[in-house]
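Here the structure is laid out as structure tokens; the discussion comes afterwards.
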Amino acid sequence: MAKRKRDLNTVYISERLRESLRPISRCALTTVVAPMGYGKTTAVNWYLAERAGAEAVKVVRINVYSDNLAIFWRSVQDAFARAGFDMLRGYPRPVDAAGGGLLADDLCHGLAGEVPCYIFIDDFHLLLDQRASAFLCMLANRLPDNVHLIVASRDRFLPDAETVRLGAKVYPLGTEQLRLNHTELSVYAHRCGTELSDAQIDEILYSSEGWFSAVYLNLRTFSEHGVLPSRHSDIYSTFTAAMIDPLPEKRREFLAVMGLADEFTVEMACFVTGDADAKQILSALTEQNAFIKCLEDGVTYRFHHMMKECAERAFAALDGEKQTVYHTRFGEWYEARRRYLHAMTFYRRSGDYDALLRVVQEDAGILLASVAPDAVLKTLA
């Protein structure tokens, strides 16, 4: 019998999870709350792809990158525009309850229709301002029947009172639905081309508690070394050992550097790393690594949080002079594209305060007005 080909990048959505995802189309708001690495984004993206394959739908994907509301608002505007909705172009960012109410009404009016519309907000836990949660609750109460809001977060963000008030309009998903059980882990391992005994499956379940990323790393270690990792190993150390350490030095440094960016393109990677082979490196990495994705636009790349965390640790281990060079290049890239808040962050890290003040002058204080005063003083100190 031919040996099964191993493909550890297989996307696996269990039948139990598929059933758990079905009510999304019947609810105004679905909350997907679980720690990092439980497959929240993968599950939602799978569901949205299934809906798009079954009927005509509109999908708005919004990623949260920080607690800065100005940056988040720009992401919202761009996401709606990419989905074919231009209603938010030039729309001022709401700053109070009245502005939020007007925005909610305009969204409901602009999105209402026969075509189902899904708005997916990922990494909502990064938005610490409680006004954001309050707005989502208000919006969920007003949404037309064809619009469904999906919000993924590591932490609970809906107050108990709002959950009760929303009632059947809100549908909660969590770790119980996302984690793998014994049977599902066995099926997943088999689809990856790895056959495990019941004892090995029990061992993985014991160490991972069904956490998808940890299961993946266990299977990768088993595939490469024939043994499962120690139960006492740190998951980030395991990740680094499995996904970063085996790479050639050039690629390890590439990952360490680009892990500082929320999203990036080949052009950006070439500029920041100084490597003309960035396109080839990214192509190879995305083929071999489930934690590095090219987004739907075919141009933008993004690291999974676990990869990003480990890449940032690897960057911290680089020589100080190298860190300064890369931080400066990030600052130059963002400054040239008028992304001044990002530019100031990296110039501060590089210690180039002349460049930082130059950016402040170019911005004329417009974006700084969206930052907390203490943060401004800390940046300019």
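This is a predicted model, so every value here is computed, not measured.
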Point to revise | Same apolar cluster: Val360 and Ile71, side chain cutoff 4.5 Å | key: yes
Please report the closest heavy-atom contact between [X] and [Y], naming both atoms and the distance.
X: Ala112; Y: Asn146; result: CA-OD1, 3.6 Å
X: Ala34; Y: Thr175; result: CB-CG2, 3.6 Å
X: Gln200; Y: Phe222; result: NE2-CE1, 3.4 Å
X: Ala132; Y: Leu127; result: CB-CD1, 4.1 Å
X: Arg16; Y: Glu176; result: NH1-O, 2.8 Å
X: Thr31; Y: Pro172; result: OG1-CA, 3.4 Å

[atom1] ([X]) with more than 12 external heavy atoms under 6.0 Å:
X: Glu19; atom1: CD; result: yes
X: Glu209; atom1: CD; result: no
X: Asp319; atom1: CG; result: yes
X: Glu263; atom1: CD; result: yes
X: Glu321; atom1: CD; result: no
X: Arg142; atom1: CZ; result: yes

If you round to the nearest 0.5 Å, how far is [atom2] of [Y] from [atom1] of [X]?
X: Leu356; Y: Thr345; atom1: CG; atom2: OG1; value: 8.5 Å
X: His304; Y: Thr41; atom1: NE2; atom2: OG1; value: 7.0 Å
X: Phe254; Y: Met258; atom1: CZ; atom2: CE; value: 6.0 Å
X: Gln323; Y: Leu318; atom1: CD; atom2: CG; value: 6.0 Å
X: Ser208; Y: Leu180; atom1: OG; atom2: CG; value: 7.5 Å
X: Leu173; Y: Ser20; atom1: CG; atom2: OG; value: 6.5 Å

Within-4.5 Å side-chain heavy-atom neighbours: [X] and [Y]:
X: Glu335; Y: Met344; answer: no
X: Val151; Y: Val32; answer: no
X: Leu107; Y: Ile119; answer: no
X: Leu139; Y: Leu29; answer: no
X: Leu205; Y: Val215; answer: no
X: Phe80; Y: Leu111; answer: yes
X: Val187; Y: Ser14; answer: no
X: Leu196; Y: Ser186; answer: no

Salt bridge [X]-[Y], side-chain N to carboxylate O under 4.0 Å:
X: Arg329; Y: Glu332; answer: no
X: Arg337; Y: Glu267; answer: yes
X: Arg302; Y: Asp123; answer: yes
X: Arg338; Y: Glu362; answer: no
X: Lys250; Y: Glu253; answer: no
X: Asp160; Y: Arg156; answer: yes
X: Asp78; Y: Arg74; answer: yes

**Study point:** Phe264 vs Phe303, ring-ring contact (aromatic ring centres under 6.0 Å, His included): CA-CA, chis, key distance, verdict
**Key:** CA-CA 9 Å; Phe264 59 95; Phe303 286 7; 5.5 Å; yes
Is there a donor-acceptor pair closer than 3.5 Å between any side-chain N or O of [X] and the backbone N or O of [Y]?
X: Thr30; Y: Cys27; result: no
X: Glu312; Y: Leu260; result: no
X: Arg339; Y: Tyr334; result: no
X: Thr194; Y: His190; result: no
X: Trp333; Y: Ala269; result: no
X: His109; Y: Asp105; result: no
X: Arg18; Y: Ile13; result: yes

**Study point:** Parallel, tilted or perpendicular: ring planes of Phe346 versus Phe330, cut at 30 and 60 degrees
**Key:** parallel
Check your understanding: Tyr12 vs Tyr188 aromatic rings, parallel, tilted or perpendicular, using cut-offs 30° and 60°?
Key -> parallel
Practice item. Starting from the C-alpha separation in whole Å, work towards a yes-or-no answer on side-chain contact (heavy atoms from CB on, under 4.5 Å) for Val60 and Ile62. Key: CA-CA 7 Å; Val60 180; Ile62 303 168; 4.0 Å; yes
**Study point:** By ring pair (Phe, Tyr, Trp, His ring centres under 6.0 Å) - contacts of Tyr91 (at least two apart)
**Key:** none
Point to revise | Aromatic centroids of His342 and Tyr65 separated by under 6.0 Å | key: no
Review point. Is the gap between the ring centers of Tyr38 and Phe212 under 6.0 Å?
Key: no
Exercise for review: Could you walk me through whether Asp262 and Lys308 pass the side-chain contact (heavy atoms from CB on, under 4.5 Å) test, one step at a time?
Suggested key: CA-CA 9 Å; Asp262 294 319; Lys308 185 173 174 62; 4.1 Å; yes
Practice item. Please say whether the positively charged group of Lys293, taken as NZ for Lys or CZ for Arg, lies over the ring of Tyr301, i.e. under 6.0 angstrom from the six-membered ring centre and within 45 degrees of the axis. Key: no
Review point. Side-chain donor-acceptor pair under 3.5 Å between Thr42 and Asn45, yes or no?
Key: no
Exercise for review: Assess the side chains of Thr328 and Asp352: does a donor N or O sit below 3.5 Å from an acceptor N or O?
Suggested key: no
Review point. Given Arg179 and Glu184, is the salt bridge (charged side-chain N to carboxylate O under 4.0 Å, His left out) satisfied, shown in steps?
Key: CA-CA 9 Å; Arg179 64 163 45 108; Glu184 293 161 354; over 6 Å; no
Check your understanding: For His327 and Phe315, what are the C-alpha separation, side-chain angles and deciding distance, and is it a ring-ring contact (aromatic ring centres under 6.0 Å, His included)?
Key -> CA-CA 11 Å; His327 281 145; Phe315 184 86; 5.1 Å; yes
